[in-house]
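Reviewing the structure listed below.
We use all heavy atoms of the structure for the numbers below, so side chains are in, but hydrogens, waters and symmetry mates are not. Residues: numbered from 1 along the sequence shown.
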Amino acid sequence: MRISARPAIRCIAAVAVLGAAAIIPSAAIADTTGCGNTVVRPLGSAGGGSAFTRAGSNTFAYTSTDVPKATADGSTVSSLITVSAAGKLRNIRVTIGQLTHPKDSELRLTLLSPDGTRIVLADGLGGNGANYTGTVFTLAAPSIVNGSAPFTGTFAPQGDFTRIFDKDMLGGWRLEVRDAAGGGTGTLSSWSLDVTRQQCGAHPTASATATPTPVTPGSSTTFDASASTGTNNAAITKYEWDLDGDGVYETDTGTTPTVSHSYPTRGVVAVGLRVTDSTTATDETVISLPVTQAPTASFTIAPSASPLSLTPVTLDATGSSDPDPGGSVVRYEWDLDGNGTYETDGGSNPVLNTQFTTSGQRDVHLRVTNDMGATAIVAIPVNVANQPPVASFAVQNPPAIVGAPTTLDAGASADPDGTIARYQWDLDNNGSYETDGATSKTIQYTFPASGTYTVGLKVTDNSGATSTFSKAFIATQAPVAQVGASTTEVRPNTPVTFDPAGSADPDVGGSVVLYEWDFDGDGTVDQTTTTPTPVTHSYGAIGTYNATLIVTDDKGAKGVKVIVINVVNKVPVGVLTVSPSPAKAGEQVQFDATGSFDPDGTVVHYEWDLDGNGTYETDTGATPRVSRSYPNRIRATVHVRVTDNDGATGVGQAALAVDAPLGTGANNGSGNGTDGKGGSKSAIFTASLLGKSIQKIKAALKSGVGVVCQVDRQATCAVEIRVLPKDVKRLHLAKGKKAKKSMRIASARAATKGSGSKALKLKLTKAAKKALKKTKKITLIVQGTATDPATGSKVTLKRAVQLRK
């Protein structure tokens, strides 16, 4: 929040709250008066002499006219005062002239502002005392909580007047008196309201201090207003004082800013100051002056002023007192560590049961406050005796292993009333703490041989007290783990036998008592035995696994052995024969893949590319044979794709040659058509795409994807590579709607001089190369057309090519 203030506008209210229970925190409140400022209101402060500033010549007094009104058990009575002055509220003062009731603790007094905000003035106070007589509620006063019936004098309310500051004061203000059921009734005879409104524009600033404060009854106090300023630094021409707090400025000191006055009886006086400058503008402030004798602070410590830390002690301040007639000590505060901060508030209880958490010399202070806000302080020196530390240590990750660094950890050591400042070690058990670990809780030591060792630890706390601890433990050699496997290369779901034979504990008389198996090396134990019995495990997926054996000996030491298992599936081999070869158009051609085989399983599935376009359009399931006829002459490489019982695939291929029937030319020429003279080419234009269906990604990135365009006459082949939509998205080749479509990543064109084949290399785009470097396998679609330039006939070309690492 931005805090701003105009130089000549008083927008800060300092409120003196002298009662122990009425300290209200400060807050920033938006100024809605049109001044354009944010005002900061310190809503309360401890001690006397603080002031609340109100704008001069802007205070309006109103008195109730609808009273007397009787109260009744279990009901609420209200009285209305209508404020006719417009403006934003700057300050308020409520006076209960006379409210009679036999038991004030049954009453709740509430002020309602015109906008409905409720401020509790007093609720359930006064005990068995009676009446409110001449009770003034304002900010600059001790809390009503610390008063007593009939509450004659000036008090701060239980509620917060600042909640209604800067709100419209024009309208109806109500005083509600709620009478709880209790058998007594009363009468509200009179009450009044003083409201001060905000004023904007330049005006003087009234400021006053009182010395001394609080003041002893009958002693003189000097009020000093020399810090007051005029409008735009104009001269102050008149200082007027309300020394008895009745709201009337009866004392005029002219241009003299100081005045002295004495008060014969205890109480709190709201002393007012009004200043007038040479522009005739005025401003007012109110300063609260407690008139009281200072209380006497006194306390005792039991059982003694030299207690042991962390042991119960009783601080008893019942000997404190207030010399004023009718006065009382209402608050006891304690500074237990002597740092000047009274961190323990005992409230109205003079006895504090506590303990000192740290050792050492300190002055314990007691501050007492009486019901007028006056304080007194007393201190007693206390020497808190130190508690010794507690030494303890353990071996990290036991047991200690011979020949390997062992960490001794003293983290369990502690000092109940301080800190441990030093750790010293006796590693050879000779009674001398020769190894100084300083402030480190841990130390490393390598034990040379198996056996039992006793190590000592001495700790020193921050007060110099020491404690020792010794512990005997065993150093042992780690057991040796050995693993044998029936095979290190295996097909999926095939059992592997692991044998821990040879695992042993080198310690004399030692033994391995636990065998833990982590077959896939993921850190989770999959099987446990207590004997060196061989175990079996099957791996469901292809991959490399770190089969791990962890052995534990009878001392708790562990040994580890890892063996690598490769789970593989050998690819099936496709073998394809074509018969007859060559065949005649219209003749049935037999395709036979019975020679296909799987080196480590069986072939279970056959798929066929019978036109050499890269698409396996014919699926015969487990049948290794298929046949078909071709109506036209064709030259192509046909394929069979075989799948084994583990899902791996292999491809076999063979050349397919189909010739036109003898003596049938496209133009009805004569001759047998075998020498190229007797008949012409078939009118049906045939073409196909050939080439390897599986190619290396590395080669494709370097030289491009290779295909072969085969035609039966002179033709032009134009092809392109497209990536399927799922791979466009996976490889991040496009975003948004474009990622849902296939994408071209290469193209090529070539012409043949006659029938035959033409090799094409399709070079990948930069974006495609970058994406394909990150993948292990992808299927690409090669598609395009072959065009006969003589007739314009076109044949669609299409095949799939798989790129692999």
Side-chain angles (χ1 to χ4, degrees), residues 299-317 333-346 351-366 378-400 405-447 451-475:
F299 72 97
T300 60
I301 302 177
S304 74
S306 298
L308 184 65
S309 68
L310 300 175
T311 59
V313 295
T314 299
L315 307 181
D316 189 343
E333 299 170 280
W334 304 88
D335 172 16
L336 300 177
D337 52 13
N339 68 349
T341 300
Y342 291 85
E343 70 283 343
T344 303
D345 190 343
V351 177
L352 177 66
N353 293 308
T354 186
Q355 61 182 10
F356 297 100
T357 58
T358 60
S359 61
Q361 179 76 39
R362 82 281 314 273
D363 289 334
V364 175
H365 292 75
L366 165 67
V378 67
I380 293 179
V382 176
N383 185 20
V384 181
N386 179 49
Q387 297 241 26
V390 178
S392 180
F393 75 91
V395 176
Q396 280 187 2
N397 303 315
T406 296
T407 299
L408 305 177
D409 188 348
S413 301
D415 182 24
D417 59 357
T419 59
I420 294 179
R422 190 180 184 187
Y423 299 82
Q424 295 169 279
W425 301 86
D426 174 13
L427 299 174
D428 54 10
N429 196 30
N430 66 351
S432 175
Y433 297 90
E434 68 284 342
T435 303
D436 192 341
T439 59
S440 176
K441 298 178 181 179
T442 62
I443 190 173
Q444 285 193 333
Y445 183 69
T446 301
F447 294 94
T452 300
Y453 293 83
T454 299
V455 173
L457 168 67
K458 180 168 71 174
V459 296
T460 305
D461 69 11
N462 57 316
S463 296
T466 63
S467 176
T468 60
F469 174 77
S470 64
K471 183 176 182 179
F473 55 89
I474 295 174

What's the spacing between [X] [atom1] and [Y] [atom2] if we round to 0.5 Å?
X    : Y    : atom1 : atom2 : value
I420 : D461 : CD1   : CG    : 7.5 Å
I380 : T300 : CD1   : OG1   : 7.0 Å
I301 : T314 : CD1   : OG1   : 10.5 Å
T460 : Q424 : OG1   : CD    : 5.5 Å
T341 : H365 : OG1   : NE2   : 11.0 Å
L308 : Q355 : CG    : CD    : 10.0 Å

Any heavy-atom pair between the side chains of [Y] and [X] that's under 4.5 Å?
X    : Y    : value
D428 : E434 : yes
L408 : L427 : yes
D417 : N386 : yes
F469 : V459 : no
L336 : L315 : yes
T407 : N397 : no
I443 : Y423 : no
S413 : V390 : no

Donor-acceptor pair, [X] side chain versus [Y] backbone, under 3.5 Å?
X    : Y    : result
S463 : A465 : no
N462 : T419 : yes
D426 : G431 : yes

Closest approach of [X] to [Y] (non-hydrogen atoms, all atoms of both residues):
X    : Y    : answer
Q444 : P405 : OE1-CB, 4.0 Å
V395 : P398 : O-CD, 3.4 Å
V384 : T358 : CG1-O, 3.4 Å
E333 : D345 : CG-OD1, 4.0 Å
P416 : P389 : CD-CA, 4.3 Å
Q387 : S309 : NE2-O, 2.7 Å

Without hydrogens or angle criteria, can the side chains of T442 and D409 be said to hold a donor-acceptor pair below 3.5 Å? no

Could you go through E343 and D337, starting from their C-alpha distance and side-chain angles, then the distance that decides it, and tell me whether this counts as side chain to side chain contact (heavy atoms under 4.5 Å, CB included)? CA-CA 9 Å; E343 70 283 343; D337 52 13; 3.8 Å; yes

Only one of Y445, Y433, F393 passes ring pair (Phe, Tyr, Trp, His ring centres under 6.0 Å) with W425, and that residue is F393

Would you confirm whether the ring centroid of W334 sits within less than 6.0 angstrom of the ring centroid of F299? yes

Hey, what's the ring geometry for Y453 with F447, parallel, tilted or perpendicular (30° and 60° as the breaks)? tilted

